[in-house]
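Numbers restart at 1 for each chain; the letters A, B, ... are given by sequence-line order, proteins then strands.
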Amino acid sequence: MQITCKYFNGSGAQPHDVMVNLYSDSLSITNTNQTDNKEIFYSFEHCRYVKLEEQVFIYLSPAYSEYIVIPVQHPLSLSLLSKISAGQTSWFQRLYKKNGLVLLLAVILVSATVLWTGYKIIPPLLIRFIPVKAEVKWGNQLFEYFSSDLQKDTTATRLIETITRDFDMSDRYPIQVIVVKDTNVNAFALPGGHIVIYSGIIEAMKEPEELYALLGHEASHVNERHSLQGMTQNLTSSFLLSLISSNFNGLGTDLLAQADFLRGLSYSRKLEASADWKGQELLVKNKINPAGMTQLMEALQKAHPETGSISFLSTHPITSDRISESKRFVQIHPTSFQAPIQAESAWIVLKKLYPGK
Amino acid sequence: MNYSLRFLGKGFELFKIQLVNLILQIFTLGLYYPWAKANTLQYLYSHTTLQDHPFAFTGTGKQMFKGFIKAMILFALIIIVYLIILYNWGPVPGILILYVLLLMILPLAIHGSYRYRMANTRWKGIRFGYVGVRSELMKLFLSGIFLTIITFGIYGPWFYMKLRTYIIENVRMGDAHFKYYGKGGEFFVMNLVGYILTIFTLGIYFFWWQRDVFRFFINNTRMYRNEQEIAFQSNATAGGFFSLLFGNLLITLFTLGLGIPWAITRSLKFVAENIAMEGDISLDELEQQQAAFSDATGEDMADLLDFGFII
């Protein structure tokens with residue numbers, strides 16, 4: 001079986017006339033114009049081809065340097081091509097022969113599975129590698145970074161210190177609470193132990209239990225390492241999504257976005273619910289009425305500050321779900337409680353500073 | 001004589017390639033990425049023809065995987081440095097250092113990716129090549145960035161044209177080479193006018209602006225071999241750009257991104273169709289002259305830094 005065709009030898013761009021012989025697992029080329037008409041053999045295994053319009057380009061080595069060109073119409077082209085493609089058994093080649101719809105379904109199935117399992121497994125693993133000490137140090141730096149924008153109220157901060165003297169918020173982290181002069185109804189916790197309370201949220205409160213509940217909630221964010229969870233979840237999802245969007249582009253930009261995420265520090269609904277529950281557990285542990293959480297949420301729902309927004313509500317969406325969850329907690333945790341005496345008087349002074357309406 | 005440049009790829013074929021790539025990539029948690037890239041590039045190159053002969057991409061997944069690992073290690077080191085600085089000195093110096101390091105890596109990535117990509121591009125068996133010198137590009141790049149920053153971006157167009165000139169003039173196709181004549185001043189005025197008119201015409205002028213930029217890039221490029229040359233000329237029109245870009249937008253939107261392969265093949269077809277080549281180089285006489293080069297680290301760094309391969 002012979003074909004005469006054009007051959008490109010890879011050392012120059014000009015074509016040569018050659019004679020091609022086909023064998024069971026290889027083809028051979030004999031240069032017809034040269035005096036030295038030696039027959040050179042090429043195994044099909046190493047051949048690749050590209051079919052373009054009326055011609056087939058058959059590369060004779062994976063380096064794509066030498067190739068021959070034969071017309072698609074040539075009687076031998078079909079058997080030659082099937083011999084070459086039979087030798088190609090990579091996963092890519094095998095899958096590529098499948099139907100487009102089957103492939104699409106496979107993609108959806110595989111990516112859903114990987115996303116779900118990856119999201120369940122990776123973040124908890126990552127968190128385990130971050131030591132508490134490093135988290136505290138990092139939290140301190142963040143606090144320094146943020147505190148330039150905050151106007152600290154030293155008197156109120158000292159009062160809170162008195163109120164929380166016997167309130168054990170954490171056995172792992174050094175919790176430090178400060179009050180800032182800001183009419184926004186807000187409070188937030190930084191990783192490692194800093195809790196910042198805006199005066200606006202104190203104005204919205206009626207009872208000391210509400211303050212304890214708020215502190216319990218924020219301290220639980222710290223204890224449960226929620227900011228690390230949020231971060232690792234973000235990293236994981238952007239990693240998995242970039243995997244599924246079939247490229248690693250933007251890994252650099254993701255890092256930068258991650259740095260920016262630190263500013264946001266907003267938590268998912270699930271983490272908020274967990275902080276509510278754990279916060280109430282803290283109240284029970286300190287013999288404080290856990291119903292304070294319910295009162296706090298109800299008070300915040302009613303709060304209408306003259307200036308500023310209720311950003312505690314917008315970052316912490318207080319749904320009726322959360323209120324009923326806190327009520328459920330009280331029902332299943334019957335407990336005896338009392339407020340510490342020195343706390344009572346400090347609370348009264350604090351409320352004089354920020355009476356609210 | 002005239003030369004024909006064509007793109008014969010089909011959206012559906014590319015779509016299937018991307019799906020297969022995706023399956024294998026997810027199964028390997030992303031490690032298949034370099035092979036996936038090789039599959040895509042091999043398809044796109046082999047369906048682009050000059051004088052009815054296809055180009056070939058000879059890079060392999062294995063080479064790019066090695067480069068990928070090296071690039072990953074480099075990035076890991078950068079992240080470690082960033083974290084150490086973040087941990088000890090706070091976020092501001094940390095992010096600053098991160099930006100500086102990424103900026104230093106950019107010229108290395110450009111240099112490496114051109115060397116790899118060109119050495120692995122063949123046409124009629126003849127290898128392309130990139131003969132730029134790393135330290136020269138580094139100097140050009142860093143001084144350009146510096147001048148761009150201290151002139152609040154005004155130097156940008158000049159910097160871009162210098163970079164483009166350096167890169168294109170160091171590209172070889174066998175024993176043929178290229179020249180680029182685009183100058184920063186003209187590019188600056190074109191973009192200034194384009195920007196202002198686009199705003200005043202509520203975006204309509206954008207397509208004329210794109211046409212001008214494309215024409216500026218193409219018409220200022222020439223290829224030389226001995227005493228012979230080939231001139232490139234753009235035939236793209238504003239209307240052509242409108243239907244290309246608007247069409248791609250609709251395709252991408254209405255398929256929720258699944259149609260991106262069609263948008264890619266449309267774009268490549270548009271580019272190939274709108275570049276006319278005229279001259280007296282006999283391409284059959286091109287001689288093999290460029291060396292092989294298989295270190296894909298730069299190519300992979302470029303990917304990780306999220307910039308495409310653009311001349």
Kindly compute the distance separating CG (A:L104) from CZ (B:F15), expressed to the nearest 0.5 Å.
-> 5.0 Å

Going through the distances and angles, do B:N120 and A:Y64 end up as a side-chain contact (heavy atoms from CB on, under 4.5 Å)?
-> CA-CA 10 Å; B:N120 284 295; A:Y64 290 84; over 6 Å; no

Against chain A, work out which of B:K16, B:E287, B:R127 has the most heavy-atom pairs shorter than 4.5 Å and name it.
-> B:K16

Tell me, yes or no, whether the heavy-atom count around A:I40 atom CD1, taken from other residues, nucleotides or ligands under 6.0 Å, exceeds 12.
-> yes

B:S282, part contacting chain A, at a heavy-atom distance under 4.5 Å | neither

More than 12 heavy atoms of other groups within 6.0 Å of B:K62 NZ = no

Max heavy-atom pair count under 4.5 Å with chain A, selected residue of B:G174, B:P54, B:S46 | B:P54

Can you see which heavy atom on A:A106 is nearest to which on B:I23, and at what distance?
-> CB-CD1, 3.7 Å

Measuring heavy-atom distances to chain A, does B:I17 have an atom under 4.5 Å in its side chain, in its backbone, in both, or in neither?
-> both

Which of the residues A:N99, A:N140, A:V107 is involved in the greatest number of heavy-atom pairs with chain B at under 4.5 angstrom?
-> A:V107

Tell me, side chain or backbone of A:F92 under 4.5 Å from chain B's heavy atoms, or both, or neither?
-> both

Output for pair (A:Q93 CD, B:N39 CG), nearest 0.5 Å, gives 8.0 Å

Partner chain A: residue of B:Q42, B:E13, B:K37 with the largest heavy-atom pair count (under 4.5 Å) = B:E13

Nearest heavy-atom pair of B:H47 and A:V50: which atoms, and what distance?
-> CE1-CG1, 4.2 Å

Heavy-atom contact with chain A under 4.5 Å, split by part of B:Q289 | neither

B:Y87 backbone acceptor or donor facing A:Q141 side chain under 3.5 Å = yes

Nearest-0.5 Å distance that lies between atom OG in A:S65 and atom CD1 in B:I126 = 10.0 Å

Counting only heavy atoms not in A:K51, do more than 12 fall under 6.0 Å of its NZ?
-> no

Answer yes or no: are there more than 12 heavy-atom neighbours, outside A:K120 itself, under 6.0 Å from its atom NZ?
-> no

Where on B:L286 is there a heavy atom nearer than 4.5 Å to chain A: the side chain, the backbone, both, or neither?
-> both

Do side-chain atoms of B:Q288 reach the backbone of A:G10 as a donor and acceptor pair under 3.5 angstrom?
-> yes

Shortest non-hydrogen pair, B:A56 vs A:Y59, comes out as CB-OH, 4.1 Å

The residue among B:V20, B:L24, B:T28 that forms side-chain contact (heavy atoms from CB on, under 4.5 Å) with A:W91 is B:L24

Determine, step by step, whether B:F27 and A:V114 satisfy the side-chain contact (heavy atoms from CB on, under 4.5 Å) criterion, reporting the C-alpha distance in whole Å, the side-chain angles of both residues, the deciding distance to 0.1 Å, and the verdict.
-> CA-CA 8 Å; B:F27 260 115; A:V114 168; over 6 Å; no

Can you tell me if B:K124 uses its side chain to pair, donor with acceptor, with the backbone of A:F8 under 3.5 Å?
-> no

Gap separating the CG atom of A:L95 from the CG atom of B:L22, nearest 0.5 angstrom | 11.5 Å

Checking heavy atoms, do the side chain of B:F57, its backbone, both or neither come under 4.5 Å from chain A?
-> backbone

Is it the case that more than 12 heavy atoms not belonging to B:M104 sit under 6.0 Å from its CE atom?
-> no

Would you call A:E53 and B:R6 a salt bridge, taking side-chain N to carboxylate O under 4.0 Å as the test?
-> yes

Which bit of B:L8 comes within less than 4.5 Å of chain A, counting heavy atoms only: side chain, backbone, both or neither?
-> side chain

